[in-house]
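Note sheet for the following structure.
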There are 2 protein chains.
Amino acid sequence: MSFPMLSSPWFPFILLILSTSVTATQYRIPRLSPFSRTFLPNAKASPVSDDFKTFYYNQTLDHFNYKPESYTRFPHRYIINFKYWGGANSSAPILAYLGAEGPLEGDLNAIGFMTDNALQFGALLVYIEHRYYGKSIPFGSRQEALKNASTLGYFNSAQAIADYAAVLIYLKKKLHAKDCPVIVLGGSYGGMLAAWFRLKYPHVALGALASSAPILYFDDITPHNGYYSIATKDFREVSESCYETIRDSWSEMEAIASKDNGLSILSKEFKTCSPLNSYSQLEDYLWSMYAGAAQYNQPPRYPVTRICDGIDGASSGSGTLGKIAAGVFGYEGKLSCYNLEPKNETETDVGWRWQKCSEMVMPIGTDNDTMFPPYTFDLRSFINHCNQLYGVSPRPHWVTTYYGGNDIKLHLQRFGSNIIFSNGLKDPYSSGGVLQSLSDSLLAVHTANGSHCLDILRANETDPQWLVKQRETEVSIIKEWMRKYYADLKESKQ
Amino acid sequence: MSFPMLSSPWFPFILLILSTSVTATQYRIPRLSPFSRTFLPNAKASPVSDDFKTFYYNQTLDHFNYKPESYTRFPHRYIINFKYWGGANSSAPILAYLGAEGPLEGDLNAIGFMTDNALQFGALLVYIEHRYYGKSIPFGSRQEALKNASTLGYFNSAQAIADYAAVLIYLKKKLHAKDCPVIVLGGSYGGMLAAWFRLKYPHVALGALASSAPILYFDDITPHNGYYSIATKDFREVSESCYETIRDSWSEMEAIASKDNGLSILSKEFKTCSPLNSYSQLEDYLWSMYAGAAQYNQPPRYPVTRICDGIDGASSGSGTLGKIAAGVFGYEGKLSCYNLEPKNETETDVGWRWQKCSEMVMPIGTDNDTMFPPYTFDLRSFINHCNQLYGVSPRPHWVTTYYGGNDIKLHLQRFGSNIIFSNGLKDPYSSGGVLQSLSDSLLAVHTANGSHCLDILRANETDPQWLVKQRETEVSIIKEWMRKYYADLKESKQ
C-alpha cells in the first residue's frame, strides 16, 4: 500500500502534508501542522519585520537525566519582538508562541494572534522553536541529530516543553521581568504543547491559548474515525451530491487504473504534468486534498466549496472521473497541467514521522461512514512499522500517562486553570479537541464554521463576524486572567 | 574538614543520618529521611504483617527518552495490602505511599497513616518503592546501578514520579479500579514527591498528603540558615542555659582538642568506647545529635529535653565539657561507654548523596544566630565537590524550573488543588515547608509542637491531643476531597 502525499493548495500561506513520508507507509495519519513551515509560498512576498530579533539559548540536551551526555548543550533558537512591550517595570505581559513541528520562521508572519494583539496587551512577543526543527538542532547537524534512535531519543514533547520553561525562566531573569505574566500559545501540536505547558509549568505560564489542539486523540479516547467523519461531514454539508461522488469514486478509479491503459486514461483525465506511476499516487493525492481542504476550510476561499463546485459543476456528461478531476481543477485553480506527484519531504515530514513513532501515536482511521477508502489504524502493525524505521517501538500510552486525557473533565474540573481550548468545528482535528469547558477557567471556545488554527492566524478585513468575535472572546478571557493576576500580584507585595 | 555522622538515638524506630558520607565532605546538609529504612532498630520486634503482598512492575528505565537503552526495564517493587479495600465496584479509594530515599520495607510498619486509616477509608494500601533503592534497582545490581554518572543518570525525582504514575495506572487497570480515587502520601523527600505528583499527575492522584516536605528549600527561596535557626530555637525554648552551653562549647572543645593530650581528655569525658581520632569526629557526632534531636523531637521522649536535662542537670562543677557529655548521656541513655564513631554507610546515604549532587541541591547553612559552628553553603564549592565525586555537576535550579517554588502562592492560588502540606513547627525542615494555605484546597496544616513527619507515623495512645487532632484534620480534609470526587463521578456517569 502506498501513502498519501502533499497537495499544493493555492490558499496562500498554508501547505498541507497529510502523510509524513515519500517512502512507503500505510499510516494515513493527517499531519498536524497548522502552517507551512518549510515551503511558505509567500514567505518572500511578506518579509519578516526587522522588529524580530533572533537569539540562541544554550539548551540542555536531556532535562530528565544526569548522565554526562545529558549535559550536552545545543543552540536553541528563540525570536523576540520588543516593539510593543510595556516593559518589566509595569509588569507588562509576555506572549510566548510555542513552536511546533517545523522551523520557526514561517510562524512569525502567520501567527497573527501575536502581532495583532501585541499593541493592546503591551506585550513582549517571544517565539520559541521546537527542538530538532529549524535552527534548534542538537549534535551539531540535522544529519547527526536525525541519524538514529540514539540521537533522536531526546526529541519528544516533555523535553521540548522543559526547553520552553528553561528559556522563559532565563528570559524573565535576564529582562528583570519576574512579575510579568506569560501567556503561551500554540496551534495544533503546538496547541497541545501550550495546554500541557500550562498544566505542567503553571509557575512559568499564567495561561495558555491552545488552538486546535487534539489532546484527546490518544489512547482510544476519541473514536478512530473522528477525523475523517468530520472531514466527510464538511463535504456533505456543502453538497450531498459532491460527497456521494467522492465516496463512490474510489472503486471506479481503481477499476479504471487496473485496465491496461488505465493509468493513461487517468493521467489524461486529471491533466497530470507527468504520467501517473500508480493508482495509489492518485489516491494519495486526492485523499490528501480532501483532508487538507476540510482541515483548512477557511475564508475567504473555502477550499471544500471550491472542490465541490468543481465536482457538481462538471458538464453533465463528465462521469465520476471527470467530476473528480473537475474538483481538483476547482481546488488548484486553472493550470495548464496538474502536478500530482508526491512533493519532496520537508523537515516537518521527517521530524513528525519520528514523533509519531515515539510518543505522538494518534489512532486515526476511516470507516464506512466516511467518504474515504477503508483504512483501519492497527496499533500492532504501526508498532512494527516504527520498529522497522527506527529500531524502537512507540509508547502509545505515554501521552495519557504523562499529560492525562482520559475522563478529562472528571480530573480537571477541580484542578488547573487558565487554558482556552479553541476549535473550529469544521476542522477534522476538533474531534480530538476539548469541546466542553472543564471548569470556569478551563474553557472551550469553538465556532461552528472554524477550521484548523484559524483563530490564531492573522486577522483579515474579510474575516467573518463569528471569527472576529471568537478572537475577541479569547482576548477578553486572557485579559481577565491578567486582571486577576495583577490583583494577586499587588496583594502579594503588601 | 570532616563530616557529621550518625548518632544512635534511642527513640525507637528512627535513625537519623545527618550527613551523607563517611568520606570527607564539607556539606552539612541534614539528611531528609523521616524513618530508618536500613537499620530499623525494632524491625524484628514488629514483623511485617502477612497482609502485605510484594509485586514487581516491569518499569521503564527512562520515561523521557526514546533511545534504545531508555527502553530497558527493571523490576520495580510495590507492596499491597488488600485487607481493608472496599473493592473496585464501590470505587473504594487507594492510599498510595510514595517511597523515598530508602528501601520500602522499613516504611510498612512506620507509616501509620496508611494502616491506621485503612479501615475507615475502606482503602487499598499501596506502597511503591523509589527507583535505585531497596529491590528496585536498574542494571541488574546495585553495584552496576551506582557505578558512575552514566548509570546513575536515570536516578532522579522526575523519573521516580513517572514510575509511580506508571505503576498506579497499571494497577488501576489490572484491578478494574479506573474510578477509584488515589490519594498519595509521603514524608520528607517522599512528601515533596507526593506534592509534586499531585501537581504533575492530577489525572492519576486525586490528592496528596505531603508531610514535612521542604519544597521551598531550593534556589534560595528559604534563607540558608532556616534549618539550623529552628533547631537552635528548639533548644532555646527548652532551656536558655542549655542553648548557651551548646553555643559556647564548640570553641572550648576545639581548644582542648588542640592540646597535646586533648583527644584523650575528650574521649575520657565523653566515655567513648574507643578513643576519638580527631576533634571533628566529636563535632560531627554532636552536630548530628543536636540536629537529629530537633528534627525528631517527638513525644513521648522529646530528645531535645533529654539533652538539655543532661546539660542543665550536670553537677555544678562539671564545666562546659562535662555538661555537653551529660547531654550525650541524657540523649543516649545510661551506657557503659558511648560509641561516637561514624556509622557504616547505608543505602540511603549512598543514594541521597547522588540525589543531592544531581538535583536535590538544598542550600542549608548555619550562621551566628544559631548554636552551631559556622558553616556557609557555597554553591560553587558544592558543585566542585559533586564534580569530583561523579564527574557531573548538579543542576541547582532544576527543581524550581520543573516544580516551581518561587512565589508559590502567587502561582498556585488559582491553580491546582487537593494538597495538604503538613508540618510540625519544631521540625527544622519546616523552614522550607509550605506554612500558609495557598488556596482553599492547597492547605497548610501545621502544629506548633510537631516534629518531622510525625503526623504520618503510627498513632499511639500516648499521643498528645494536638497530634490526634492534626491527624483528624487531615483525614477530614481527604474525606472532603473524596466526597466531592464521588459527586463529580456520579455526575459524569449521568
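Order of the sequence lines fixes the chain letters, A, B, ..., with proteins taken first and strands second; residue numbering starts at 1 for each chain.
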Assess whether side chain to side chain donor-acceptor pair (under 3.5 Å) is satisfied between Asn65(B) and Asn65(A), documenting all intermediate values.
CA-CA 9 Å; Asn65(B) 200 308; Asn65(A) 199 309; over 6 Å; no
I'd like to check the side-chain contact (heavy atoms from CB on, under 4.5 Å) partners of Lys147(A); sequence neighbours left out, ordered by chain and number.
Glu144(A), Thr151(A)
NZ/NE/NH1/NH2 to OD/OE distance under 4.0 Å, Asp488(B) and Lys409(A)
no
Of Gln159(A), Arg198(A), Glu69(A), the largest count of non-hydrogen pairs under 4.5 angstrom with chain B goes to Arg198(A)
Residue list, side-chain hydrogen bond (donor to acceptor under 3.5 Å, both in side chains) with Lys493(B), at least two apart or on another chain
Asp179(B)
Evaluate Tyr66(B) against Trp354(A) for side chain to side chain contact (heavy atoms under 4.5 Å, CB included), listing each step before the verdict.
CA-CA 10 Å; Tyr66(B) 294 80; Trp354(A) 162 259; 3.5 Å; yes
Side-chain touch Asp62(A)/Asp62(B), heavy atoms, less than 4.5 angstrom
yes
Contact part of Thr400(B) toward chain A, heavy-atom cut-off under 4.5 Å: side chain, backbone, both or neither?
backbone
When the ring planes of Trp398(B) and His63(A) are compared, do they come out parallel, tilted or perpendicular, using 30° and 60° as the limits?
parallel
Which word best sums up how the rings of Phe64(B) and Phe64(A) line up, parallel for under 30°, tilted for 30 to 60°, or perpendicular for over 60°?
parallel
Go through the atoms of Ile169(B) and report whether side chain, backbone, both or neither lie under 4.5 Å from a heavy atom of chain A.
side chain
Heavy-atom pairs under 4.5 Å with chain B: which of Ser70(A), Ser393(A), Ala162(A), Ala158(A) has the most?
Ser393(A)
So which of Asp407(A), Ile408(A), Asn406(A), Leu412(A) has the biggest tally of heavy-atom pairs under 4.5 Å with chain B?
Asp407(A)
Non-hydrogen contacts under 4.5 angstrom with chain A: give the residues of residues 479-487 of chain B involved, or none if there are none.
Lys484(B), Tyr485(B)
Given His203(A) and Phe415(B), is the side chain to side chain contact (heavy atoms under 4.5 Å, CB included) satisfied, shown in steps?
CA-CA 9 Å; His203(A) 50 287; Phe415(B) 183 97; over 6 Å; no
Under the disulfide bond (SG atoms under 2.5 Å apart) test, residues paired with Cys180(A) that sit two or more places apart:
none
Between Ser417(B) and Arg414(A), is there a donor-acceptor pair closer than 3.5 Å when you use the side chain of the first and the backbone of the second?
yes
Could you tell me if Lys200(B) sits above the aromatic ring of Tyr201(A), with its cationic atom closer than 6.0 Å to the ring centre and no more than 45 degrees from the axis?
yes
Kindly indicate whether a cation-pi arrangement holds for Arg395(B) with Tyr71(A), taking the cut-offs as under 6.0 Å to the six-membered ring centre and within 45° of the axis.
yes
